[in-house]
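Here the structure is laid out as structure tokens; the discussion comes afterwards.
Chain naming here is simple, since letters A, B, ... match the order of the sequence lines and numbering starts at 1 in each. Excluded from the calculations below are hydrogen atoms, water molecules and symmetry mates; all remaining heavy atoms, backbone and side chain alike, are included.
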Amino acid sequence: MNYWLIKSEPNTYSWDDLVAKGTDHWDGVRNYAARNNMKAMKVGDLAFFYHSVKEKAIVGIAECVKEYYPDPTTDDDRWVVVDFSPKQKLEKPVTLEDIKADDRLQDMDFLRLSRLSVQSVKKEEFDIILEKSQS
DNA sequence: GCCAACGTTGGC
DNA sequence: GCCAACGTTGGC
């Protein structure tokens with residue numbers, strides 16, 4: 001079981017959009033590092049859903065329900081998508097500020113590689129953030 | 001709205 | 001295959 005973080009601008013695609021759809025593919029990734037992460041995802045893996053730009057907060061947890069397959073939105077066979085379903089909404093969003101303020105989370109890819117749209121999260125980091133969402 | 005970071009493109 | 005130019009993302 002692995003943990004991930006996926007980012008989206010809520011204006012383009014929000015947590016509520018995923019909830020409304022039930023299950024949806026995560027398309028539009030055009031970055032090799034992000035794609036490689038998607039290829040590594042397994043069914044049952046969990047991903048934080050982060051709203052960038054305006055909210056700058058993790059708002060929910062999505063579960064990978066289908067492993068990677070070719071991106072239906074392009075003919076270019078380099079790109080793939082995975083399917084997600086909403087798993088649970090966080091009681092309280094965990095903001096970028098919250099993450100920056102926690103000494104234990106300073107090494108996250110999230111802080112170092114702010115532009116990577118699909119990134120991996122360590123189990124310890126996942127647990128810490130989950131804990132923050134409940135306090 | 002600005003600008004830094006960084007990934008991608010394209011000329012050589 | 002290198003590297004400069006360019007475009008995009010996303011925090012501030």
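Counting non-hydrogen atoms of neighbouring residues, nucleotides and ligands closer than 6.0 angstrom, the CG atom of D75(A) reaches no more than 12 such neighbours. Environment of CG in D107(A): sparse, with no more than 12 heavy atoms of neighbouring residues, nucleotides or ligands closer than 6.0 Å. Dense packing is recorded around NZ of K92(A), with more than 12 heavy atoms of other residues, nucleotides or ligands lying under 6.0 Å away.
Between F49(A) and W26(A), a ring centre-to-centre spacing shorter than 6.0 Å is recorded.
Formation of a donor-acceptor pair under 3.5 Å by the S8(A) side chain with backbone atoms of Y13(A) is found in this model. A side-chain donor-acceptor contact under 3.5 Å links D45(A) to the backbone of K42(A).
Reading DNA chain C from its 5' end, the first and the last nucleotide to sit under 4.0 Å from a heavy atom of chain A are dG7(C) to dC12(C).
Within residues 2-19 of chain A, the residues having any heavy atom under 4.0 Å from DNA chain C are, by residue number, K7(A).
Using a 4.0 Å heavy-atom cutoff across all strands shown, K54(A) reaches no nucleic acid atom at all. L96(A) comes within 4.0 angstrom of sugar-phosphate atoms only, judged by non-hydrogen atoms across all strands, and of no base.
Applying the side chain to side chain donor-acceptor pair (under 3.5 Å) test to pairs two or more places apart or on separate chains, those with a residue in residues 51-61 of chain A are H51(A)-E55(A).
Ring geometry for F48(A) against F126(A) counts as parallel: the plane angle stays under 30°, on a 0 to 90° scale with 60° as the upper cut.
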